[in-house]
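The sequence lines fix the lettering, A, B, ..., with proteins before strands; numbering per chain opens at 1.
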2 protein chains.
Amino acid sequence: MARTVLERSDLIPVLAEIFRRHGFEGASIGIIAKETGAGRSSLYHFFPGGKDEMADAVLADIALWFETHIFTPLTQKPAAIALPDMIDALDIYFKSGQRICLVGAFALDDLRDRFARRIGPYFTRWRESLQFCLERDGRPSVDARAQAIQILAAVQGGIVLARATGDDTAFLTAVTASVSHLGLPVEPEPRI
Amino acid sequence: MARTVLERSDLIPVLAEIFRRHGFEGASIGIIAKETGAGRSSLYHFFPGGKDEMADAVLADIALWFETHIFTPLTQKPAAIALPDMIDALDIYFKSGQRICLVGAFALDDLRDRFARRIGPYFTRWRESLQFCLERDGRPSVDARAQAIQILAAVQGGIVLARATGDDTAFLTAVTASVSHLGLPVEPEPRI
DNA sequence: TACATTATGTAATGATCGTTACATTTCGCG
DNA sequence: CGCGAAATGTAACGATCATTACATAATGTA
């Protein structure tokens with residue numbers, strides 16, 4: 001575990017937090033080297049493609065996490081369980097909205113085109129999984145799709161709101177409201 | 001109209017679009033000079049505080065626009081009219097989500113603290129105006145506040161989704177859904 | 001231990017960063 | 001026209017940018 005030698009996989013979560021805090025353009029190699037504790041040589045050794053490869057690896061790592069912890073459960077558990085579970089997991093992952101969604105942030109400026117192959121599929125997979133979960137709950141495809149979009153928007157917008165206003169409750173308020181309109185058998189109540 | 005002399009107020013909307021496309025860190029003075037057509041001297045003549053003052057002026061300009069076209073109508077017209085009107089105005093302003101909300105984008109990384117005095121009030125005023133509109137419609141304060149947050153999140157999240165997936169309908173889908181749950185006398189139907 | 005591989009430290013590259021100085025031009029106004 | 005003010009062009013500043021070269025150190029394996 002506590003290896004004395006740095007590994008590429010150890011770097012990725014640290015890189016993710018650096019990109020979250022400074023943004024892609026704001027995270028210079030100097031800052032990255034300082035905040036990771038790795039030298040420039042090590043960084044380019046693990047990521048020969050430079051900053052682009054670092055960000056790409058981070059986005060791939062995020063995609064993997066969501067595939068495992070968010071998308072897959074949505075396709076396996078009934079909506080009344082899967083959706084409250086998702087809300088719980090997201091509230092922890094995004095730290096009540098204070099921790100941003102890097103994929104969403106990258107989608108906002110011209111980084112979107114540079115990392116399009118990571119950004120598009122992330123949201124499409126998420127929407128598809130939500131829609132699948134809602135359709136299996138007996139909802140028409142068109143309704144399920146719109147509801148999935150609404151939930152996704154509540155998540156992304158909740159993050160923006162929470163960070164912009166410093167209101168730690170905004171994220172959960174937005175996300176639970178978007179789900180509570182579905183009239184699921186058990187009202188989703190986030191566990192504290 | 002087509003003045004031969006550049007004015008500070010002419011620059012601000014152009015600066016806004018540049019910051020939208022490249023982000024704050026990504027918009028270098030070189031890029032700004034090239035894309036505005038103004039020389040470095042002119043830029044620093046109108047904005048002695050440099051890039052920070054440019055962004056601050058842009059944010060102030062945006063705040064003024066929203067105060068006039070979004071917040072004030074919410075406090076003057078009944079919810080059944082004000083909310084559909086707001087949706088129409090936002091769909092045009094944000095170009096179905098393809099044009100980002102600069103204030104929301106700045107809230108995501110460490111720019112949030114640098115421009116906190118612009119970012120916080122923007123969302124607080126918006127939430128307050130929405131909440132006021134809903135309370136006057138007879139809704140309890142706590143409910144009105146939660147509904148306002150949900151609508152705001154749908155707007156911000158709808159922009160992220162629309163840009164990330166290239167789906168021009170996602171923005172309107174998210175925003176109209178967040179409002180349609182209110183059960184207003186007339187179902188909000190966006191005019192095309 | 002010996003050796004090839006992998007990892008790191010140091011220092012430098014040219015390019016671009018934000019910003020400034022200063023001379024020149026254009027303007028408003030008499 | 002004349003003159004002060006406002007606006008612009010050009011060139012440069014030191015700092016920092018992403019990236020590379022190369023020497024040194026640590027490692028896995030035999």
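Residue side chain B:Ser41 does not reach the base of C:dT20 through any donor-acceptor N/O pair under 3.5 Å, judged by distance alone. Judged by distance alone with a 3.5 Å cut-off, a donor-acceptor contact links the side chain of B:Arg40 to the base of C:dT19.
One atom, CD of A:Glu7, and another, P of D:dT27, lie 13 Å apart when rounded to the nearest Å. Between A:His22 atom NE2 and D:dA18 atom P the separation is 12 Å, expressed in whole Å. Here C:dT16 presents its P atom at 16 Å from CD1 of B:Ile32, a figure rounded to the nearest Å. The nearest whole Å value for the distance from the NZ atom in A:Lys34 to the P atom in C:dT8 is 19 Å.
Terminal axes of the helix from C:dT1-D:dA30 to C:dG30-D:dC1 (five pairs each, C1' rotation axis) are separated by 30°, to the nearest 10°.
Counting any heavy atom pair closer than 4.0 Å across all strands shown, B:Ala33 reaches no nucleic acid atom.
Under the rule for a side-chain contact (heavy atoms from CB on, under 4.5 Å), the partners of B:Gln98 that lie at least two apart in sequence or sit in another chain are A:Arg112, B:Ala162, B:Arg163, B:Asp168.
Contact between B:Gly158 and B:Ala174 at its shortest, heavy atoms only, is CA-CB, 4.3 Å. The heavy-atom pair separating A:Thr75 from A:Phe132 by the smallest distance is O-CE2, 3.6 Å. B:Leu161 and A:Ala153 make their closest contact through CD1-N, 3.8 Å (heavy atoms, listed as atom of the first residue, atom of the second, distance). Considering all non-hydrogen atoms of both residues, B:Phe24 and B:Ala55 come closest at CE1-CB, 3.6 Å.
B:Glu25 and A:His22 are not linked by any side-chain donor-acceptor pair at a separation below 3.5 angstrom, with hydrogens and angles left out of the test.
The stretch residues 43-55 of chain A touches DNA chain C through A:His45, A:Phe46, each having a heavy atom under 4.0 angstrom from the strand.
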Working for side-chain contact (heavy atoms from CB on, under 4.5 Å), residues B:Val160 and A:Val103: CA-CA 9 Å; B:Val160 173; A:Val103 193; over 6 Å; no

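Remark: the backbone N or O of B:Ser28 is not paired with any side-chain donor or acceptor of B:Lys51 at under 3.5 angstrom.
Under 4.0 angstrom from either OP1 or OP2 of D:dT16 there lies no side-chain N or O belonging to A:Ser28.
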